[in-house]
Every structure is written in structure tokens, then in C-alpha cells.
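Lettering follows sequence order; numbering is per chain, from 1. Predicted, not measured: the structure shown is a model, and the values here were computed from it.
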2 protein chains.
Amino acid sequence: MADSQDLKEGNVGETQTKYFTFGHPPYEIRLESGKRTGPVTIAYETYGKLNRDRSNAILIAHALSGDAHAAGYHKGDAKPGWWDSMIGPGKAFDTSKHFIVCTNVLGGCRGSTGPSSINPKTGSPFALGFPMITVKDMVSAQSRLIDHLGIRKLLTVVGGSMGGMQVLQWIASYPDRICSAIPISTTMKHSPQQIAFNEVGRRAIMADPDWNSGNYYGGKAPAKGLAIARMIGHITYMSDMSMTHKFGRRFVNGSGRLFNFDAEFEIENYLRYKGDNFVKRFDANSYLYLSKSIDYFDLSDKSEFARALEIARARFLVIAFESDWLYPAYQTKEIADRCREAGYDSEFHLIDSKYGHDAFLLETDEESYLIKKFLDRVSTEYGIPVKRSLEDSSFS
Amino acid sequence: MADSQDLKEGNVGETQTKYFTFGHPPYEIRLESGKRTGPVTIAYETYGKLNRDRSNAILIAHALSGDAHAAGYHKGDAKPGWWDSMIGPGKAFDTSKHFIVCTNVLGGCRGSTGPSSINPKTGSPFALGFPMITVKDMVSAQSRLIDHLGIRKLLTVVGGSMGGMQVLQWIASYPDRICSAIPISTTMKHSPQQIAFNEVGRRAIMADPDWNSGNYYGGKAPAKGLAIARMIGHITYMSDMSMTHKFGRRFVNGSGRLFNFDAEFEIENYLRYKGDNFVKRFDANSYLYLSKSIDYFDLSDKSEFARALEIARARFLVIAFESDWLYPAYQTKEIADRCREAGYDSEFHLIDSKYGHDAFLLETDEESYLIKKFLDRVSTEYGIPVKRSLEDSSFS
């Protein structure tokens, strides 16, 4: 249990990843591509307690390189989960009030079934034998976990970037199972520029001879290719301004030009470091599959999303950040516009930030403020107690 | 000679690349790095005629992947030079009035000495034995050609992107040898974002095992790595809007998702095509050297550029394009601001365009209009006849 100090914007403490497996033959899951696969394992973490009427559950969806470990500390780790600043007692996703669920997506490599998992039919990793998955498939798998946890309706679904696409897919696939939704820094569909950046990353992985048509498990992974894909990603996650602020034109050695091709600018060094580190924790084939799934993502077809909105009766909080050029605000705003067209008083907030796409992970003060206010309203409307427990009355 | 039809915005016709070699031992050129190299060959083309007092010469500087062939047709070619829409009788750079010079930069691979050239000391290609070159070195080599052509002072120096950096370097290095300068879509210094994109391209080349530490001549070139570098480049040359306009989310096969990793979106196909084509005409090591030279480029230090501006007594026309996010307008505008601070009435024009960085090659109507007006004014001030010959009086 968190002590009182922790409760004043506390940390959830030590957390553990759990696993839920379903779809055993002959009940394999059916994918959007038409293929079937199973059994499927979904890695997940939960924070806080599910209330008696199971009405306080929040699902958090991660971005391309994220995982189920959104908050707290894994034993022995120095760093907390990827959205720790947003999850905990007194925080935006308040574990003293809410039950938080975060899953690793289907196709991922952080505990959920993906291309690096063992194919039970062959006893070897799937590699490219893994069926192509879509955001709809990810969300479908999540819904099975939500069933398993005994939750009929989610108080909210929230996520940024690829996580935001999962939020939109939840609206489209299960409009009657959400009280609200918070898509952040995301889009109804990938633009050709977004597809292009992903495609270059995929080319870099597949050009690496160590990729070996995806069959590198047990051998040397395509580290150079995956590092290049990640470097491209990092450029798109930051803004011109934030890079200038953080690195400028400073040289690593502090002296000046080396007149060779070593990393000499700090930005070069940073990208190499980020690229090399990523390789240690991420599977190259998962990168191919997940990046492809978001390129495929397209809910812009009016009929599907509009039909869902007719049923939904939910509240929408849509957030974008000003310097985000990977998922520019006009794309995110379109979501709010669609909801408004359908008769909802959806909120759209464009938060001033210099951090680019990374802002949704970094600008947590303003994000928290908006989300707290929003969740309080949604909770009130749905009759979920918003009154805090005595210990943290200082927040009211 | 062009016929009267041609004169009404004519083409320069068939053109040929010429070569100028200098710096034979013991008179090797001295590079900014301190290294010496020679002999050095500069490939160049000229269009129009140098007038009697050698006052009508214009130097055109190319961008990263350009060459000396800026206008007209090489024998048998279906496509004209890279800036043909701007060069010819009646065009912005009017060959009925001006003498146009365009060189392939030092370090390039299109006729000028670069890493793919034979090192006279070893009889083999330089490869990474080629000394690192800078934009200052490129311009220094150009100035030797300008000497050789008997030109004391250039009517103008013009170029976009890396070409624009050469323009700025001309101002800095030879302020008394230019009557005017036209930097387009360029910057006083590369930002960390610009360095980052180049660095990822370099990593992709160097990660290709066929690169073989630069020693691939006579064998298999690092085609995959160079293609990836070029794909990244192409994304940055276009805008979100122009990509959406040109490709949208259209599939190559017209039907829909393939659920595999082939190029299925038109944008993916386009990038692969552009990448593969580039490999046929460009040397990977040159890509390393030239991209590094522009990363090094930095004239933002107040003293050097300011000192040059004290001497210059030139006119400046600075042009940027609205959707260019690789060389955003604020960078280009800074050049005009610096000139204005130094007391010049430099013009800055931000041209509305959706084409991104490519705009300087594509938005030639507005560019031509501005440049023609500017050059007429400069010519008048310097007493260079602006009256057209009788044949093209229809333009007056």
C-alpha cells in the first residue's frame, strides 16, 4: 500500500505483468485478414481496485513501442512504467478511484503473442508465419481480456498515437461498452507521409542481412536495421524546436569537427544511443507487424464510425499538441469534428508544447488537468462516486 | 541557335558537360580541414554568351543530388537538365542576356573530383581516402573555374537547398566578386533535425554490408543502403499536403490490403522506385561526403558573415516556400534579416506552395517573376544592358 506521502500524487509501487490466454483450438480467434490463430496470450497490468459494480475501469492503450507496464516499478527496475506520471493515487488516472488496465497489443513482443512467440504447430517462432494483425484485431483481443476481468463497460479508453487508434477502434467496434474515450495525438487514418516514414523503417529492417526473411530467432537479430528504423522514429517524435533546444549544434567531443563519419554532433550520438538501446528490448518483426497495422488503420470512412457514434452515447475528450508534426493537430481535430457532427459535445484541446509527438508523454500537467476534469464529469453522469476517500481530501 | 519559337521561353538545346582541372602537384588545393588534394577536376556547363566586359555571368549552384547539367538536353536524353524551366532564352536566367555557369560540386560524383575518382597516388578510387570537404571548399573550387573563365565578378550566384548554402558561402568568401545573390530554401546552418535526417541516411548506407567501409568500387554498390537514404530524403522533400494530393491512401493494385510486406500503398511504391533509380546515378560515398558538408555548414556566427556584408555592396533576393518543412521559412528568412541588419534592402519572399522543399524546383512561375525583376534591377544598377535584342522585344 502507498503511504500518505505517496498519495499526494503517488506512485503505484511495485507492479507485475500478468497474462491471459484464450483462443485455444478449436476456438482460435478470427482475424480481420480472415486468418485464424490461437491460443493467444495478452500481457497486462492492472493498478487500483475494481469497484463493486465494476464501473470504474479504465483501459490504457500503448503506442508503437510501448507495453503493458504503464505504471509503477518492476522489481529491481530504476525506471517506472511508460506513463507513470499519469497513473497513480491523485494522478490523472487515479488509482484511489479507478481500476486501470493496460495490455501489450496483439502482435507485440512484450509478453503478448506476436511474431517472436512460439508457433504451437511448429514449435518454432512464428516469424513471418505470424498472421498480419490490424488495430481492430488488437482491440478485439483486448475486449476478450476485459470480458475475462468481468467488466461490461469501460469508464474510459485512453491512449496516444497508436494507442489513440485503439481508442478510436474501441468506439467503432464496441460503442456500447465505453462511457467515454480519450484519443490523444492520433488520427482517423495514416496519411501517406506517416505510411512513408514507417515504410522506410521497414525497408531498413528488411535490408539488414541479419533479418534473414524474418528468421533470425536464436541467431543474430537485425540490430542495425531496427536501430535505423528507431532513429527515423525518434526524429519524427521530436520537434525541430525541441531538438534545437536539447542538442543545438553541439559536438560530442566539445571541440569541433572531426572531419570523419563518426557521431560527432550530440544529436547523432543521441540517435545512435536510442537506436542501439531499442534493439535490446524490441523485436524487429514486431516492428514490421505493428507499423503495418497502423498504416492499414483507416476509420475515416464515414459510415463505420458514424454508425458507432449513433450507438455510443459516450463523452469524448480529444487532445493534440501544437508542435506534433508526426500526428499534426488537424488530424486529431478531425476526430472531435466527427463526434460533434454526430451530435456529441466533444471537447478538443490543442495543448501548447514544443515537444512534438513526444508531448503526450511529457506534457502531463495540462493533460492531467484536462483528463481529471473530464473523468469527474463522466463519473458524475454515470453515477460513479467521484468523492475521494478521506486520505486525499486535499485534492478536492 | 534557338529559333523564334524557342525564344518565346526557349530551351537552350543540346548541351555538353565540360571539365576544368587544376591544382596539379605541387599546387594542390588546400581544404578547410587542412588537408591538401590535387589535381582537382570540376565538371561544368555553360549556357548563353559571356559579354565583352564579362559582366553578365551567373553561377548556378546545385542541391545535394544535382549536377552540372542544369539546362538543355544531353545528346539522346529525353529529359532536360534539372533546372531547365528556369534557364533559357526568355526564362528567369535568360540566355539571350546572361552567361550561365553551373558546376558539379567538389566531392560529387557527376564529373567533378570526389570519393569515386581515381586517387592518382594509388591508381584506385579514393573511397574514404578522399579528404572531407566543406561548402567553403566547394565554393573555393568554383571560384577557380570562374577565374579560369576570365570572370572577375558574378552578376549573381543562385541556388536552392545545398545550392543556397553555396550562395551564402560565396557572399562570405568572395563578397567583392558578386553583384547580387539569390539564396533559396536554405539556411545559415543546419539544425539538429536536418543533421538527424542526414545522419540516418548515412547510417543506412554504412549499415549495408555492400558498403564495405567504402571500398565497393568495381564490386557491388551499397544499393539498399543508398536507396533507404534517398527514400528518407524524398519524404523530407515533399510536404504532407503534396503527398496526400499525389498518393492519398491509394493501393498499387487498386484492390486493397495484401496483408504482407510488399509495397502496396502507392506512396511505398513511389519511394522504392525513387530509391532504386537514385542508385543508378549516384555514388553512395559522395552521399556521405556531401551530406556531411552541409551538416558542417554554419555561417550563423555573426562575425564572419557580417564582415563579408560590410564589403559586399550587393543586392539580395531571398526566397522561401510555405510548405517547406525541411528548410522551414524561418531559417531562410534569417538570411534576409541578417542582410537587412547590415543595411541592405534585401528582399524576402515567402511563396505560397504545397510542394514542400521540392517547391524551388517546381514553383518556377513565381520564382521566375521575382528573379527576372530582381536581375533587371541589378543589371541596371551595374550598367549592364537589360534591353533585349530585337527578336524578343515581345517580352519588354
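Between the side chains of A:S140 and A:R30, no donor-acceptor pair of N or O atoms lies under 3.5 Å.
In this structure, the portion of A:R202 lying under 4.5 Å from any heavy atom of chain B is its side chain and not its backbone. With a 4.5 Å cut-off on non-hydrogen atoms, A:D295 touches chain B through its backbone and its side chain both. Contacts between A:Y270 and chain B at a heavy-atom distance below 4.5 Å are absent for every atom of the residue. Using a 4.5 Å cut-off between heavy atoms, B:I228 contacts chain A through both its backbone and its side chain. Proximity to chain A is limited to the side chain of B:P328, based on heavy atoms less than 4.5 angstrom apart. Residue contact with chain A, scored on non-hydrogen atoms closer than 4.5 Å, involves the side chain of B:F265 exclusively. Contact annotation for B:I133: neither backbone nor side-chain heavy atoms come within less than 4.5 Å of a heavy atom of chain A. Interface residue B:L288: backbone and side-chain heavy atoms are both found under 4.5 Å from chain A.
Contact count against chain A (heavy-atom pairs under 4.5 Å) is highest for B:R272 among B:K292, B:H190, B:K189, B:R272. Between chain B and the residues A:N260, A:D240, A:V200, the most heavy-atom pairs under 4.5 angstrom are made by A:D240. When the candidates B:S293, B:A207, B:G256, B:S33 are compared by the number of heavy-atom contacts under 4.5 Å with chain A, B:S33 comes out ahead. Each of B:Q194, B:M238, B:R249, B:E199 has some count of heavy-atom pairs under 4.5 Å with chain A, and the biggest count is that of B:R249. Annotation: maximal heavy-atom pairing with chain B below 4.5 Å, among A:K35, A:E264, A:E32, A:K246, occurs at A:E264. In terms of heavy-atom pairs under 4.5 Å with chain B, the best-connected choice from A:G248, A:P209, A:G275 is A:G248. Chosen from B:M231, B:R203, B:K224, B:M243, the residue pairing most often with chain A at heavy-atom distances under 4.5 Å is B:R203.
Of the listed residues (B:Q169, B:M162, B:K136, B:Q166), just one forms a side chain to side chain contact (heavy atoms under 4.5 Å, CB included) with B:F297, and that residue is B:Q169.
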Quick one: do A:Y296 and B:F259 satisfy ring pair (Phe, Tyr, Trp, His ring centres under 6.0 Å)? Show the steps, please. CA-CA 9 Å; A:Y296 277 152; B:F259 290 112; 5.4 Å; yes
Give the intermediate values and the outcome of side-chain hydrogen bond (donor to acceptor under 3.5 Å, both in side chains) for residues B:D283 and B:Y216. CA-CA 10 Å; B:D283 174 55; B:Y216 53 81; 2.5 Å; yes
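Taken to the nearest 0.5 Å, the CD1 atom of A:I335 stands 6.5 Å off from the CE atom of A:M188. Distance check: B:S300 OG to B:Q331 CD gives 10.5 Å after rounding to the nearest 0.5 Å.
In this structure, A:H357 and A:D324 have side chains that are in contact, with non-hydrogen atoms separated by less than 4.5 Å. Residues B:R36 and B:I29 form no side-chain contact, since every pair of their non-hydrogen atoms from C-beta on lies 4.5 Å or further apart. B:P131 places a side-chain heavy atom less than 4.5 Å from the side chain of B:T37.
Side-chain rings of A:F130 and A:Y289 approach one another, their centers coming within less than 6.0 Å.
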